[in-house]
Amino acid sequence: MFDLVRLRVLRTVADQGTLAAAADVLHLTPSAVSQQMAKLEREARCALIERHGRRVRLTEEGRLLAEHAERILGAVEQAEADLDERRGEVVGDFTVAAFPTAARGLLPKVLVAMNERYPRLRLGLREVEPYDAIAQLTRGDLDLAIAQDWVNVPIAVSDRLRSHDIGRDLIDVALPAGHPLADASTVALSDLAGERWIASTAGTICYDWLTSTFRGAGHEPDIAHQAVEFPTQLALVAAGLGVALMPRLAGDHVPDGVRLRPVEPAMSRRVFAVWREESGRKPAVRAFVEMAVEQWREHHYSLHV
């Protein structure tokens with residue numbers, strides 16, 4: 001009989017391509033991953049991986065077993081969800097990922113409220129960008145992800161995943177206080193075509209959205225600076241180094257020297273929860289999604305779905 005932990009190790013190795021990367025995902029050492037794979041090969045009575053330098057490649061038998069592992073682990077999760085649903089209890093370990101502004105602006109309220117209402121549920125939060133969060137969720141490393149996307153930069157959600165909208169986060173433009181448009185009631189993006197931009201880092205969904213939005217309007221944005229955190233972007237705007245687009249969820253602490261102005265026509269990003277289909281009947285999943293919607297409506301001042 002195959003050990004479930006080792007089957008999960010195999011699936012992660014297949015996804016990651018190296019033992020070191022799989023170890024990071026599984027929070028193990030590369031040596032521990034190697035040992036688990038060796039034990040699984042003894043259980044399978046055949047070689048499952050071939051080493052090619054630092055990378056590993058699954059043998060034909062390894063690919064076959066990895067496909068079975070995907071189905072087996074999914075069936076186990078389905079069984080757990082069915083039992084949880086029958087008991088109707090919100091208990092156990094529950095790991096959530098959220099993109100940085102949600103992790104800072106929304107999730108603390110959700111986690112506190114969940115702890116008060118469901119004290120037997122042990123919650124863990126990871127700050128993860130949406131692209132990576134969806135990948136981790138698909139692999140089974142998370143129970144739920146809070147993600148965001150845009151009309152022109154949607155996130156692909158596989159057939160294995162289900163989602164529920166939490167809210168829509170309006171977008172403002174952040175301008176230096178001395179900017180000619182700083183006192184305007186609204187600002188059109190076409191009026192900012194020649195500006196120097198402060199953007200999120202390349203490879204993030206916010207960076208992709210900014211570049212796609214301007215390219216779609218026939219302009220190539222002049223991105224002068226890139227910063228991971230929105231507070232850093234605001235500090236650069238305050239210094240007069242450029243302008244930035246700022247979701248309202250990220251605009252809770254605006255420094256002196258920055259003016260936030262609504263964009264015309266109004267623009268927003270979608271904030272939503274995602275989980276695996278097989279875990280959808282878990283009371284903890286339903287409770288967390290309901291709480292996230294409840295806290296958004298109670299505390300956030302942007303559009304509600």
Side-chain angles (χ1 to χ4, degrees), residues 98-109 127 129-130 147-154 166-271 295-305:
F99 59 96
T101 47
R104 183 178 66 249
L106 175 64
L107 267 294
K109 303 177 184 68
E127 184 180 291
E129 286 287 347
Q148 51 108 345
D149 67 4
W150 315 76
V151 172
N152 57 334
V153 188
I166 295 172
R168 293 207 171 259
D169 194 16
L170 285 168
I171 306 303
D172 294 318
V173 61
L175 303 167
H179 192 282
L181 296 174
D183 295 323
S185 57
T186 61
V187 176
L189 285 186
S190 58
D191 294 334
L192 303 171
E195 296 287 343
R196 301 190 66 183
W197 284 92
I198 297 159
S200 298
T201 52
T204 63
I205 192 169
C206 289
Y207 180 95
D208 292 345
W209 170 72
L210 176 65
T211 55
S212 296
T213 297
F214 275 93
R215 288 168 183 166
H219 305 290
E220 183 65 29
D222 178 10
I223 298 177
H225 306 287
Q226 298 178 31
V228 174
E229 296 289 345
F230 283 115
T232 305
Q233 295 181 33
L234 287 171
L236 294 171
V237 173
L241 297 172
V243 301
L245 291 176
M246 196 63 42
R248 291 192 180 172
L249 190 58
D252 49 346
H253 294 97
V254 180
D256 293 338
V258 174
R259 301 292 183 268
L260 296 181
R261 292 293 175 261
V263 176
E264 180 66 34
M267 304 175 70
S268 66
R269 60 178 178 174
R270 179 177 66 125
V271 179
Q295 293 300 313
W296 181 280
R297 290 176 174 168
E298 182 175 346
H299 294 285
H300 200 49
Y301 48 84
S302 290
L303 298 175
H304 304 310
V305 175

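Numbering of residues begins at 1 and proceeds along the displayed sequence.
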Tightest non-hydrogen contact, residues Pro176 and Val243, listed as CD-CG1, 4.0 Å

Please identify each residue that fulfils side chain to side chain donor-acceptor pair (under 3.5 Å) with Thr211, with sequence neighbours left out. none

How far does CH2 of Trp150 sit from OG of Ser212, to the nearest 0.5 angstrom? 11.5 Å

Minimal non-hydrogen separation, Thr101 against Ala250, with atom names: CG2-CB, 3.4 Å

Rounded distance (nearest 0.5 Å) linking atom CG of Leu107 with atom CD of Gln295: 10.5 Å

Inter- and intrachain pairs under side chain to side chain donor-acceptor pair (under 3.5 Å), touching residues 194-208, at least two apart: Tyr131-Asp208, His179-Glu195, Ser200-Gln233

Which atom names give the shortest non-hydrogen contact between Ile205 and Pro130, and what distance separates them? CG2-CG, 4.1 Å

Is Arg248 salt-bridged to Asp169, going by a charged N under 4.0 Å from an acidic O? no

Check whether any side-chain heavy atom of Phe99 sits under 4.5 Å from a side-chain heavy atom of Cys206, and report yes or no. no

Holding to side-chain contact (heavy atoms from CB on, under 4.5 Å), I want the full list of residues that pass it with Ala239, two or more places apart in sequence or in another chain. Leu241

Between Leu181 and Leu192, is any pair of side-chain heavy atoms under 4.5 Å apart? yes

Can you find a heavy atom in the side chain of Gln148 that is under 4.5 Å from one in the side chain of Trp209? no

Ala103 versus Pro108, closest heavy-atom pair with distance: O-CD, 3.1 Å

May I ask you to test the Arg269-Leu249 pair for a side-chain heavy-atom distance under 4.5 Å? yes

side-chain contact (heavy atoms from CB on, under 4.5 Å) partners for Arg261, two or more places apart: Val173, Leu175, Asp183, Val187, Arg259

For the atom pair CD1 (Ile198) and CG (Leu245), what is the distance rounded to the nearest 0.5 Å? 11.0 Å

Closest heavy-atom contact between Phe230 and Met246? CD2-SD, 3.5 Å

Set of residues satisfying side-chain contact (heavy atoms from CB on, under 4.5 Å) with respect to Thr186, sequence neighbours excluded: Pro262, Glu264

Using the salt bridge (charged side-chain N to carboxylate O under 4.0 Å, His left out) criterion, which residues pair with Glu229? Sequence neighbours excluded. Arg104

Heavy atoms of Pro247 and Ile171 approach each other most closely as CA-CD1, 3.7 Å

Under the criterion side chain to side chain contact (heavy atoms under 4.5 Å, CB included), I'd like the reasoning laid out for Met267 against Leu189: C-alpha separation, chi angles, the key distance, then a yes or no. CA-CA 10 Å; Met267 304 175 70; Leu189 285 186; 3.4 Å; yes

